Amino acid sequence: MNIHVEKSTETLNASHLTFEVESKRLLNEVSITISPGELLGVIGPNGAGKTTLLRLMAGILKPKSGSVLIDGASISDMSVKEVAKKVALISQVPGFTFGFTCFEIVMMGRYPFMGRLQVESTLDKKIALGAMRATDTEQFMDRTMATLSGGERQRVFLARALSQQPRVMLLDEPTANLDISHQLKLFQIVKGLTSSGMSAIAAIHDISLAARYCDKLLILNRGSMLAFGTPKDVLTYENIALAFGVEVNVYTDSVINSLALSVIRQIPQANN
Ligand SMILES: Nc1ncnc2c1ncn2[C@@H]1O[C@H](COP(=O)(O)OP(=O)(O)OP(=O)(O)O)[C@@H](O)[C@H]1O
Ligand SMILES: [Mg+2]
């Protein structure tokens, strides 16, 4: 007898994710799906829950309820190492790394693939070097992280995530410290990866940049989903006014053929 198993077409499925700290609800029933090759942008005001959502998806935080499935498997059933083989997170506030050289940091992306006491293979080194080349960080290889500028450091963290060769890349405000050239370069790198099947989620404050590069957008507001869909569906005057308390003009920039947004003014008596 042939048993037909339906193969999931979703890379990532977050279902009814809820997270609380000391009975304060930081994330409320968030459900999203991402297909192979999609880039999802998460936008929302400071404190909306963007970082919390990414940390839940990376398995760093455990939800109060709800689940995160990657390729159909729940990350709550996986070890930290197993999750790290599938998910790479570039944090908004990275941990202490100052004493390490940039090459050492990028090589850390290979650790989930190495056995205990195993030294890096030639292939691991090749992958790490390729990641440094792609992010324009080869030049910093032997320097310690302490000697790098904020944007340079951020590119090294991107290289570490690239060397993990993840199924899903989570980026928490990846362009915050980058100059406009490196902002474009970052999105081109991420889009290059998604075009070969990786999925990505990025928390982004620059809404025009998010509209330009993301396939889907999620607006989070006070821990809840305000809107989820294509940039065209999500980026409405009403949604932005509700989430941010500002009036905006959403228009199509015909030069780059993308939605863009200009801020008009704060709405008086807005709660934000
Ligand atoms: N351990 C904690 N205890 C109490 N409150 C917390 C804790 N962690 C996060 N919060 C609160 O949860 C809310 C969501 O935080 P989160 O970092 O997810 O926001 P964010 O959307 O990433 O904001 P930003 O745009 O400023 O990075 C914030 O109000 C934050 O103060
Ligand atoms: Mg954040």
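Indexing begins at 1, ligand by ligand and atom by atom, following the structure's order. The structure displayed is predicted, hence computed values, not measured ones.
With a 6.0 Å cutoff to the six-membered ring centre and a 45° limit on the axis angle, R110 counts as a cation-pi contact of F113.
Of the protein's heavy atoms, N46 ND2, 3.0 Å lies nearest to atom 26 (O) of ligand 1. Of all protein heavy atoms, the one lying nearest to atom 17 (O) of ligand 1 is T51 CB, 3.5 Å. Atom 5 (N) of ligand 1 has its closest protein heavy atom at K24 NZ, 3.8 Å. The nearest heavy-atom contact from the protein to atom 25 (O) of ligand 1 is K50 NZ, 2.7 Å. Annotation: atom 15 (O) of ligand 1 to nearest protein heavy atom, T52 OG1, 3.8 Å. The nearest protein atom to atom 23 (O) of ligand 1, hydrogens excluded, is given as G47 N, 2.8 Å; this is a heavy-atom distance. Looking only at protein heavy atoms, the nearest one to atom 10 (N) of ligand 1 is L26 CD1, 3.5 Å.
H205 counts as a contact of ligand 1, since one of its heavy atoms falls under 4.0 Å from the ligand.
Checked options E152, Q154, R155; the residue passing with N177 is Q154 (criterion: side chain to side chain donor-acceptor pair (under 3.5 Å)).
A salt bridge between E38 and K216 is present, with a side-chain N of the basic residue lying under 4.0 Å from a carboxylate O of the acidic one. A salt bridge does not link D172 to K50: none of the charged nitrogens lies less than 4.0 Å from a carboxylate oxygen.
By the 3.5 Å distance cut-off applied to N or O atoms, G44 is not counted among the residues near ligand 1. Considering backbone and side-chain atoms alike, V21 places every N or O at 3.5 Å or more from each N or O of ligand 1.
For K232, the NZ atom is loosely surrounded, since the number of other residues' heavy atoms within 6.0 Å does not exceed 12. Within 6.0 Å of the NZ atom in K85, the count of heavy atoms belonging to other residues, nucleotides or ligands exceeds 12. By the 6.0 Å contact criterion, CD1 on I264 is enclosed, its count of non-hydrogen atoms from other residues, nucleotides or ligands being greater than 12.
Remark: ligand 1 atoms within the under-4.0 Å shell around heavy atoms of Q92 are 27 (O). Residue-ligand proximity, G49 to ligand 1, at heavy-atom distances under 4.0 Å covers atoms 14 (C), 18 (O), 19 (O), 20 (P), 21 (O).
Nearest heavy-atom pair, S258 versus R212, reported as atom, atom and distance to 0.1 Å: OG-CA, 3.2 Å.
Donor-acceptor pairing under 3.5 Å is lacking for the side chains of S23 and E20.
To the nearest 10 degrees, the Mg ion (ligand 2) sees OG1 of T51 and OE1 of Q92 at an angle of 80°.
Neither the backbone nor the side chain of E22 comes within 4.0 Å of ligand 1, counting heavy atoms alone.
Residues T230 and D215 form no side-chain contact, since every pair of their non-hydrogen atoms from C-beta on lies 4.5 Å or further apart.
Within the 4.0 Å cut-off (strictly below), no protein heavy atom is located near atom 30 (C) of ligand 1.
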